[in-house]
Structures are given as structure tokens and as C-alpha cells.
Number of protein chains: 2
Amino acid sequence: MTTIADVAERAGVSTATVSRVLNNSEKVTPQTKEKVDLAIEELGYNLKQVKQSEKNEITIRDVATEAGVSEATVSRVINNSARVTYQTKEKVTQAIDELNYSPNANARHLRRSETKLIGLVIPDIWNPFFGGIVRGVEDLARNNDYNVVLLNTSGLLARERKCINVLKDRRVDGLIYMGKTYDQQRIDLLSNCDFPIVIISREENEIDYPTVNIDNYQAAYDMTNYLIEEGYQKIAFIGGPEEDKTAGLKREKGYRQALADNELQFDFDLMVKGDFTLQSGYQGIAEILKQNIVPDAVFAANDEMAVGAMKYIREQGYSIPEDIAVAGFDNISLVDYVEPRLTTVVQPVYELGQTGIKTLLKLIKGEELEDNNIVLDYDIEVREST
Amino acid sequence: MTTIADVAERAGVSTATVSRVLNNSEKVTPQTKEKVDLAIEELGYNLKQVKQSEKNEITIRDVATEAGVSEATVSRVINNSARVTYQTKEKVTQAIDELNYSPNANARHLRRSETKLIGLVIPDIWNPFFGGIVRGVEDLARNNDYNVVLLNTSGLLARERKCINVLKDRRVDGLIYMGKTYDQQRIDLLSNCDFPIVIISREENEIDYPTVNIDNYQAAYDMTNYLIEEGYQKIAFIGGPEEDKTAGLKREKGYRQALADNELQFDFDLMVKGDFTLQSGYQGIAEILKQNIVPDAVFAANDEMAVGAMKYIREQGYSIPEDIAVAGFDNISLVDYVEPRLTTVVQPVYELGQTGIKTLLKLIKGEELEDNNIVLDYDIEVREST
DNA sequence: ATAAATAATGTAATGGTTTTCATACACCAG
DNA sequence: CTGGTGTATGAAAACCATTACATTATTTAT
């Protein structure tokens, strides 16, 4: 298509000048007018020309034409949104097949103002604990015609902020959020979203959104109790970091309460703080053993630390579980592979994910939640380490 | 907003009838008219009501009004797509802030006919091997303003088919595909897509799309060579399943060639087929040992099988690596946790992901690839198991 | 001061779909 | 067979942003 710009170039003047000539709006030298008029003629420029699309996506319009019906009818067939004669339906589906038409979801979503997209914000998919959750989320989401946009944050506030903005721009229908910490900044971040949000794997009292979780306190209590029943008396505990006011703290509390309820003295020397890494479990138990205190069992607030502890214990020549039993928390896949296999609290990761998305879908539909804080069952899987 | 349909429902007639009443276009029974009029009154229906959006999304139009400029100018500010006076820019950004405006990405993408969305099809995110890749993909994608739609297939053809269709509908700009197998059906599936595709972790000769991978043959060769150099002479191999004509086969070939090049006899009794699971590694080595053949080393085609083998070996009272050394392939996280830690081929998972997305972005931009099959470096990480 | 260029901004078409309102046709009861 | 209605369909207005093209302001050069 010829544009004013083309004419301008041909005539060797600016587009503004061409415009002036066309509209007689301002004075123009006769020579200039001459040049411009010539260019217009040469190029056959025509103000009223209609532009035609370059891109050749097959659209609902093409289908409509092919089937000899209106776009509306095609839409009705596609969405089953109204009764359509059998014949018409046939024609339409055939046209769709013939043209290999696939409806543009973006256009649909723009019109419908829903995107069938769920944001999934996670600190680290590499970690199988989260991997299991993601899988639960994705499976069930897709069964409900939603897709998942995955965003890995590494737990960094700046990245989380960006992620949330991206999700806002994309107008996701909802968000499943998992963070490392839940401080005021995160809460501000989330509260600024106008789509529903569900938090997985956090204690309910920290945060003001629906959560899906297990009862960390009770699980730790039960595990400790189990150890006591098995005859262990001197049970060490490797906890989470000082700052962790959430799951880690709950687990610690469960441990202490179980001791108390069994009339066992809580001993500060038997408790150390870790940071959920393998190393910290290793060092944690080392701290205790180096004081020449030898517990008969160690309960770590997560599996990584338990495995780290096992390593040190074995290095010191103790045998597991004969000298020192070890128990963990989470049931990450590696617990099955270590020697001896680790007794641990089984978190239902896949179900956590599924329940999270179920809850989110309810919120999206505007349904009321019976319970804002869903607590799933855990299991204690006894293996050879105790 | 009240629509004709609402009135029709209230009055218990069809919309057509309501229309007739409204326009006096055709005859209508007095009673019907009565009913309809009543309904109209009750619902306060007003033909001329300007329909206003129910959804009250803040749009670029609002920003334009607020800032006293045209929508085009707002767009220019947002996208930095043309020069705008400092003052105008100020006004616009201020309006954006004030209204807390966030541009609707779907509308943008519809117009631009690109979605900044990448499909990521994967057999199992739960598996840390894939988890690492996903992370590499997502990180780099986001740095380039792309988002990732994650689709977990469990390797099932039916699900893969659905996934691909979803991605087509969503008009993703590209796809990163990982599958368990690559048969004709998958190839058909992929070839039916009109966006660029990159395959991660597959041998180039199987498939006709750009791939990112390591050299499985060479890696297995090097590992075998390393074992031989360490003095092992009787090296067993636990391979992939019979059907696996890809990575597993390459690894086997590398193993055999290394033997040959070192003038070691290849011995069928020292080779078993597994299926990449822990159990199959356990059984595999059992098969060999039960024949009273005792190798001095075992090389498994992946880590899971290696760990399974370790387990059986230890159970039989052999010590690792003194009696039998063990080596694996992949470097999944658990290799660091087993006792002794496993010597293995390190696949650069994160880089595989990153390179995959890099390649895909090139394709999306329409750039030529220097190399259609990118081969990344691997490492051999020697630990205590050899 | 005038004519032209350049910079800044506006207008309106466009992207592909859904959905509301409107209507042609077919059916049914009297 | 005809008046009254429902059913199947069509036309056109949304949805929100981008962008091609046009135009108005502001410089620059003569």
C-alpha cells in the first residue's frame, strides 16, 4: 500500500509537506506542490485505500466463510454455547477440520476477561518437595482447563515482585504462592493482587490467605511420641533457624510437648538449630556429640538435616539405629535411598498441590471456603533408621 | 446490565418476543405484551442504556483521559516506542501510578501476535533431573521477558497430544519439548506445530528438531576409560532397556568402545539391561553376582540403577569401592547422599535448560542456528564409590 | 518572515473472539 | 390458514492495546 511517507520520499519532502498539499491547509511553494502532485500521480496514491492484513492466521471468520455461516454460529459450535442445527454443526466442524483451525485463546480470553491461567510461584522447582507440589497443581489444573505459568523465585523478594507484576499483567485467574518467608513485604505484595491467592505449605496464623498445609506441630509431636514408645529416652532435636517462626518452630513445639507429656525432661543440650541443609544437620549433631552427650535418637526438622546427621553419626563409628536412631521430616525421595532408609514424616506433597488448586478453583468460581486453612493428613513412615 | 434475555426470562417468553414488544415490529398478544412490559418495568430495562463494562478494569483509555493525552501516547510511553516530551511522559507515568494501571498483556499480545509465552513439555517435574532443566529454562526465559507454561505429561501420548493442542490454542511463541520416547507419533505431533521447537536431552539422529544434549557416547567412553585407568579390569555394565535406541544405547556403545580401545574383552555376562529404575539396578547386579561372576567395578547407565546396585552389593557383604567400585550417570542429587558418595557423569542440567531456551529464542527471532545439535560438556565427578 | 523540516501527538483501524440484540423462518394451535 | 411464539442464525459492538497514517507544534534555514 502506498502511504504518505512513500509519497514524501518520492517527492523528496517531508510527510508534513505532503499532508499540507493534500489538504491545502498551509502555504506551500508552487514548486513543492508540483513535486508532490507528481509523486502522488506516479505512485497512484489514494487517500481512501484500505489496508489489508499481512498476517495470515486462520480465524473464525475464515471458518465462517468456508462453512457459509456467521462467525457467531461458529463460536456457538466451538463453545457449545447455544443450540445449533445438526446440519450447521456438521458444516462448521468440517470447515474447522478442513482449515485446521484452532481458536486463538488470547482473543477469547480478552473478550471473556478470564485467562484460564494460574500463576505458580515457587522458590525452587529443582527441589523435589516443591516438584511434587507443582505436579499436583499442574495435573489438576489441566484437568480443569487451566494452565500453569511457572515462576521460580529462589525466594528473592525482588524476583517475587517481578513475578507478581508479570502475573498481574497477564491477568491470571489465580495464584498459588509458595515462599520461603512471609514478612510484611510479601504480604503487601500479595495484597496488591486482585485475583485469588492460595498459599501452600505455610502455617495459617502467619498470613491472611487460604492455606493448605499439614499440622506440623502434631506431626512432630507424633513422631517424638513414636520414638519414645520405641523406648528412646534421650532424643535430640535438630530444628530450623532462629528466624523461622513457622513450620520449624511448630515442629520444635511438637517435639517439646511430646517430651513433656511423656514426663521426659527437655534438655537444651540436646537441641540445636540448623538451616534445613544437609551440612547443618551434620554440624548440628556434631555439636552435640562433641560435648560427649550421646543421645539415643535424633529427630531432625527435615530430611536433609537428618541425612546430614546420619552421615556424621556413622563417621563417628556409631551404628544406626542400634546406637543412635534417626528420624526426619518431609519424605523427600532420597530418604528411601540412604542406608539405612530413614524413618520420617510423610508430607503428602502431591495432595498439597492438588488441594491447593482445588481451593483456588473454588475461589475463582466465587465459592465460599468451608475452611480457610486446610490441613492434610501426614503419615509417619517407619523405616530402618529407628 | 439488564439484557433482553433477562427480560425474556422474567416474562417467561423468548427474546424474540421481547424484541417484538420493544420495537412494535410484529403483532403480539395483549397478555404477552403485558407480561413483557411488566418485566421491563420490574427490571428497569432501558434499551438505550449504554452498556458499560461490568468488569472495571483500568484500561489505557483511563490513563489517557487522566493524563489528558491520547491512548497512542500512553502506549508510546509504556513501550518506549517513540519519543515523547519529558512533560508528557511525566503526566502519563503519574496517571499510571495514580490509577495503578497495569497493561493487559493479552490485549497486547493479540495485537502484536506474539504471546511471550513458551511451552515447556516435560515427562515429570518431580524428577530433579528435569527440575534442573526447568529451572534453567525458566530463569533465562524470564530474563528475556518470556513466561513459561509448564505441562507435565508423564510421558503419555494422549496427554502430550492435549498439551500440544493447548499450546497451539495459546499461540505460544515456542516450545521446549522433552519426552520419554520419540516415535513416529510424537514426530507427527510436533511437526503439526507452527512454532519453533527445541528438544532437550535427546540424541540428534532420532529427530529432526534442534536438540541440546551432551555426548552420551563420549561420556560413557570417558567414564569407562577412567575406570580402566584406575585399574579396574572386570567392569560390568547395567544398561538401559532393549527398546532404548537413544541415550541408553549410546552409553552402552561408549562403554564397549572404551573396553575395545583398551584391549579388554567385552563379556556378555558382565552386561545386563535395566530400565533406569533403582530396582532394575538392584536386580541387574544380582543377576551377575548370582552367576558367581564378581566384577571389580560396575558402571550403570544412570544413577538410580547405580544406587540400586550399590544396595545389593553391600547386602552381599562386598564393600564399595574396595571389592566392587560403582559409577553412575546423570548426577542426580541423591548421589551426594549415599554412602559412599557415587562417582558419576555430571550432566549440566541447568545449562541444558538455559541452552535450550537460548536456542529457542534464536529460532523465535528467526535467526539461523550455527549448529542444529548443540552438545554441552559433561564432567566426570569422582567420589568415594570408585 | 517565510517555507520547509523535524518532533510530538492524535485518529482510527486492527488483532480474533464472544455475546447481545435483532430477525427470518418454522411451527403450532385455533 | 393465520396469528402468536420459539428456534436458529446473523450483525455488530464489545474486549484492550498497538500502530500506521495523518496532523499539528516547534524548530531551523534562508
Side-chain angles (χ1 to χ4, degrees), chain A residues 1-6 8 13-20 22-23 25-29 31-32 47 49-55 57-64 69-76 78-79 81-85 87-89 103-113 171, chain B residues 1 3-8 13-20 22-23 25-29 31-33 47 50-55 57-64 69-76 78-79 81-85 87-89 103-113 171:
Chain A
M1 195 186 92
T2 324
T3 73
I4 282 207
D6 299 327
V13 299
S14 73
T15 59
T17 303
V18 176
S19 179
R20 282 186 269 263
L22 286 167
N23 303 347
S25 54
E26 286 173 67
K27 286 208 168 172
V28 173
T29 10
Q31 294 104 307
T32 309
L47 190 57
Q49 57 200 319
V50 185
K51 183 189 346 189
Q52 67 231 25
S53 165
E54 322 234 312
K55 196 175 73 165
E57 181 167 335
I58 300 218
T59 74
I60 201 169
R61 156 167 266 134
D62 299 320
V63 176
V69 300
S70 72
E71 303 171 33
T73 301
V74 178
S75 175
R76 286 189 262 256
I78 293 171
N79 299 297
S81 56
R83 323 177 59 162
V84 172
T85 335
Q87 298 172 327
T88 313
K89 195 169 192 166
N104 185 319
N106 291 290
R108 166 179 297 164
H109 298 323
L110 173 59
R111 179 57 223 245
R112 287 215 177 131
S113 50
R171 302 291 193 273
Chain B
M1 193 188 91
T3 74
I4 284 208
D6 299 327
V7 176
V13 298
S14 72
T15 60
T17 304
V18 177
S19 180
R20 282 187 266 262
L22 286 168
N23 303 350
S25 53
E26 286 173 65
K27 287 212 165 171
V28 172
T29 8
Q31 296 106 306
T32 310
K33 182 167 162 45
L47 186 58
V50 182
K51 186 193 317 187
Q52 66 230 21
S53 165
E54 320 238 309
K55 194 177 67 164
E57 182 167 335
I58 301 218
T59 74
I60 201 171
R61 157 167 266 135
D62 301 318
V63 176
V69 299
S70 72
E71 301 171 36
T73 300
V74 177
S75 177
R76 287 189 261 257
I78 294 171
N79 298 297
S81 57
R83 324 175 59 161
V84 171
T85 339
Q87 297 171 328
T88 313
K89 196 169 193 165
N104 185 319
N106 290 293
R108 166 179 298 163
H109 298 324
L110 174 59
R111 179 58 225 251
R112 288 214 177 132
S113 50
R171 303 289 193 271

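Chain letters run A, B, ... following the sequence lines, proteins first, then strands; residues in each count from 1.
Under 4.0 angstrom from either OP1 or OP2 of C:dG16 there lies no side-chain N or O belonging to A:Thr59. Neither OP1 nor OP2 of D:dC21 sits under 4.0 Å from any side-chain N or O of A:Ser19. Phosphate contact (OP1/OP2 of C:dT18, side-chain N/O of A:Arg108, threshold under 4.0 Å): present.
A:Ala64 approaches A:Glu71 most closely through the heavy-atom pair CB-N, 3.7 Å. Taking both residues in full, the closest heavy atoms of A:Glu57 and A:Asn104 are given as OE2-ND2, 3.2 Å, listed atom of the first, atom of the second, then distance.
Scanning for side-chain hydrogen bond (donor to acceptor under 3.5 Å, both in side chains) contacts around A:Ser19 gives an empty result, with sequence neighbours left out. For A:Arg83, the salt bridge (charged side-chain N to carboxylate O under 4.0 Å, His left out) test picks out no residue, with sequence neighbours left out. A:Thr59 meets the side-chain hydrogen bond (donor to acceptor under 3.5 Å, both in side chains) test with no other residue; sequence neighbours excluded. Contacts of A:Ser75 classified as side chain to side chain contact (heavy atoms under 4.5 Å, CB included), with partners at least two apart in sequence or in another chain: A:Ile60, A:Asn79. For A:Ala82, the side chain to side chain contact (heavy atoms under 4.5 Å, CB included) criterion is met by A:Arg76, not counting sequence neighbours.
Put simply, CZ on B:Arg61 is 12 Å from P on C:dA12, counting in whole angstrom units. Between A:Asp6 atom CG and D:dA20 atom C1' the separation is 11 Å, expressed in whole Å. Between the CG atom of B:Asn104 and the C1' atom of D:dC16 there is a distance of 6 Å, given to the nearest Å. Rounded to an integer number of Å, the gap from A:Glu57 CD to C:dT14 P is 16 Å. Going from atom CD1 of B:Ile60 over to atom C1' of D:dT19 covers 11 Å, rounded to whole Å. For A:Gln87 and D:dT9, the CD to C1' distance is 13 Å, given to the nearest whole Å. Going from atom CG of A:Asp62 over to atom P of C:dT17 covers 9 Å, rounded to whole Å. The distance between atom CG of B:Leu110 and atom P of D:dT19, rounded to the nearest whole Å, is 12 Å.
When heavy atoms are screened at a 4.0 angstrom cut-off, B:Val13 is found touching the sugar-phosphate backbone but no base atom. Heavy atoms of A:Asn106 sit nowhere under 4.0 angstrom from any nucleic acid atom.
When the nearest nucleotides of DNA chain D are assigned to B:Asn79 and B:Thr32 by heavy-atom distance, the more 5′-ward of the two goes with B:Thr32. A residue-by-residue look at B:Ala107 and A:Ile78 shows that B:Ala107 has its nearest nucleotide of DNA chain C further toward the 5' end.
Contact annotation: side chain of A:Arg111 to base of C:dT17, donor-acceptor pair absent below 3.5 Å.
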Give me, pair by pair, the N or O atoms of the protein and of nucleotides 6-11 of chain C that are less than 3.5 Å apart, along with how far apart they are.
| from | atom 1 | to | atom 2 | distance (Å) |
| --- | --- | --- | --- | --- |
| C:dA7 | OP1 | B:Arg83 | NH1 | 3.4 |
| C:dA8 | OP2 | B:Arg83 | NE | 3.2 |
| C:dA8 | O3' | B:Thr85 | OG1 | 2.8 |
| C:dT9 | OP1 | B:Thr85 | OG1 | 2.7 |
| C:dT9 | OP1 | B:Thr88 | OG1 | 2.4 |
| C:dT9 | OP2 | B:Thr85 | N | 3.0 |
| C:dT9 | OP2 | B:Thr85 | OG1 | 2.8 |
| C:dT9 | OP2 | B:Thr88 | OG1 | 3.3 |
| C:dG10 | OP2 | B:Ser70 | N | 2.7 |
| C:dG10 | OP2 | B:Ser70 | OG | 2.9 |
| C:dG10 | OP2 | B:Thr73 | OG1 | 2.7 |
| C:dG10 | N7 | B:Arg76 | NH2 | 2.6 |
| C:dG10 | O6 | B:Arg76 | NH1 | 3.3 |

